[in-house]
Amino acid sequence: MGFLDWLGITGSGKPLEIGDPAPDVTTLNHEGHTVRLADFYGEGYTLVYFYPKADTFGCTIQACNLRDALGDLRIQGVRVVGVSTDWPEEQQRFREKYHLPFVLLADRDRDVAKAFRVPIRLGMASRQTFLIKGGKIVWRDLSPSTRKQASDVLQVVEKLG
């Protein structure tokens with residue numbers, strides 16, 4: 001076991017690039033049902049955002065920012081999917097507590113994070129965001145703002161046309 005493994009830091013390889021195929025992996029959603037990520041890559045855009053821990057300060061700000069702007073995001077054809085390494089039950093409580101109207105994925109095995117090459121630190125996914133269209137990564141933010149996540153995505157979608 002290396003030092004980084006001992007610290008719980010994995011996935012420090014090269015991040016996915018714009019133009020790369022969006023990963024197709026399965027995991028559990030907030031209800032505990034198995035879902036296939038590629039099923040979310042339908043028409044329009046899919047925003048896959050990784051956050052460290054449900055119901056913590058920064059993660060709540062980010063989720064509520066996306067919730068509050070969801071109408072505008074949907075008008076622009078953006079579907080939102082949140083991912084963390086929490087258990088499905090934790091994701092469900094988080095979703096209910098803050099009335100989050102989008103899917104949360106419980107990436108307990110870290111398969112989704114590994115497929116997106118998102119670093120894991122102390123067992124938690126790093127905060128990163130990927131915008132997908134047509135099965136390809138069209139934008140990424142490897143250090144997204146929790147308070148401006150939705151407006152950043154809306155600006156990108158406007159530029160992409």
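Note that the coordinates shown come from a computational prediction; the quantities given were computed from them, not determined experimentally.
Considering all non-hydrogen atoms of both residues, Gln128 and Leu142 come closest at OE1-CD2, 3.4 Å. Smallest separation of non-hydrogen atoms from Ala69 and Ala150: CB-CB, 3.4 Å. Minimum heavy-atom separation, Asp107 to Ala113: OD2-N, 2.8 Å. The two atoms that bring Val138 and Lys133 nearest to each other are CG1-CB, 4.0 Å, heavy atoms only. Shortest non-hydrogen contact noted between Thr85 and Ala125 is CG2-N, 4.0 Å.
Asp111 is linked by a salt bridge (Lys or Arg N to Asp or Glu O under 4.0 Å) to nothing, counting only residues two or more places apart in sequence or in another chain. In this view, Phe116 and Phe50, Phe130 satisfy the ring pair (Phe, Tyr, Trp, His ring centres under 6.0 Å) rule, not counting sequence neighbours.
Here the side chains of Arg140 and Pro15 are in contact, with some heavy-atom distance below 4.5 Å. Here the side chains of Pro23 and Val112 are not in contact, with every heavy-atom distance at 4.5 Å or above. With contacts defined as side-chain heavy-atom distances shorter than 4.5 Å, the pair Asp39/Arg36 qualifies. Looking at heavy atoms from C-beta onward, Pro52 lies in side-chain contact with Cys59 at the 4.5 angstrom threshold. In this structure, the side chains of Trp139 and Val153 come closer than 4.5 Å at one or more pairs of heavy atoms.
One finds the CD atom of Gln76 at 13.5 Å from the CZ atom of Arg74 (value rounded to the nearest 0.5 Å). Here the CZ-OG distance, from Arg127 to Ser145, works out to 9.5 Å after rounding to the nearest 0.5 Å. Once rounded to the nearest 0.5 Å, the distance linking SG of Cys64 with NZ of Lys97 reads 10.0 Å. The OG1 atom of Thr146 sits 10.0 Å away from the CG atom of Leu66 when rounded to the nearest 0.5 Å. Atom CG of Asn29 is separated from atom CG of Leu37 by 11.5 Å, given to the nearest 0.5 angstrom. Rounded to the nearest 0.5 angstrom, Leu131 CG and Lys136 NZ are separated by 14.5 Å.
Looking at Tyr51, its side chain never comes within 3.5 Å of a backbone N or O of Ala63 through a donor-acceptor pair. The backbone N or O of Leu105 sits less than 3.5 Å from a side-chain atom of Gln91, completing a donor-acceptor pair. Put simply, the side chain of Glu90 gets close to the backbone of Trp87: a donor and an acceptor are under 3.5 Å apart. For the pair Arg79 (side chain) and Phe40 (backbone), a donor-acceptor distance under 3.5 Å is present. The main-chain N or O of Arg108 is found under 3.5 Å from a side-chain atom of Arg110 such that the two form a donor-acceptor pair. For the pair Arg67 (side chain) and Tyr98 (backbone), a donor-acceptor distance under 3.5 Å is present. Of the possible donor and acceptor atoms, none in the side chain of Thr129 sits under 3.5 Å from a partner among the backbone N and O of Pro144. Between the side chain of Asp20 and the main chain of Glu17, a donor-acceptor pair closer than 3.5 Å is present. In this structure, Ser126 contributes its side chain and Pro119 its backbone to a donor-acceptor pair below 3.5 Å.
Linking Ile, Leu, Val, Met, Phe, Trp and Tyr whenever their side-chain heavy atoms come within less than 4.5 Å leaves Val80 and Ile132 in two separate clusters. Clustering ILVMFWY residues whenever any of their side-chain heavy atoms sit less than 4.5 angstrom apart, transitively, puts Phe94 in a cluster other than the one holding Val83. By the rule that hydrophobic residues join a cluster once side-chain heavy atoms approach within less than 4.5 Å of another member, Leu28 and Leu104 end up as members of separate clusters. Leu160 and Leu154 fall within a single hydrophobic cluster, where Ile, Leu, Val, Met, Phe, Trp and Tyr are joined by side-chain heavy atoms under 4.5 Å apart, directly or via other members. Residues Leu16 and Val81 fall within the same hydrophobic cluster, defined by Ile, Leu, Val, Met, Phe, Trp and Tyr side chains chained together at heavy-atom separations under 4.5 Å.
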side-chain contact (heavy atoms from CB on, under 4.5 Å) between Thr60 and Asp55, intermediate numbers included: CA-CA 6 Å; Thr60 299; Asp55 206 7; 3.9 Å; yes

Chi angles and distances behind the side-chain contact (heavy atoms from CB on, under 4.5 Å) call for Thr26, Val35: CA-CA 5 Å; Thr26 59; Val35 294; over 6 Å; no

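Taking the six-membered ring for Trp and thresholds of 30 and 60 degrees, Tyr49 and Phe102 have ring planes more than 60 degrees apart, a perpendicular arrangement.
Checking Glu89, Glu96, Arg95 one by one against Gln92, the side chain to side chain donor-acceptor pair (under 3.5 Å) holds for a single residue, Glu96.
Note on Asp86 versus Lys53: salt bridge recorded, some NZ/NE/NH1/NH2 to OD/OE distance being below 4.0 Å.
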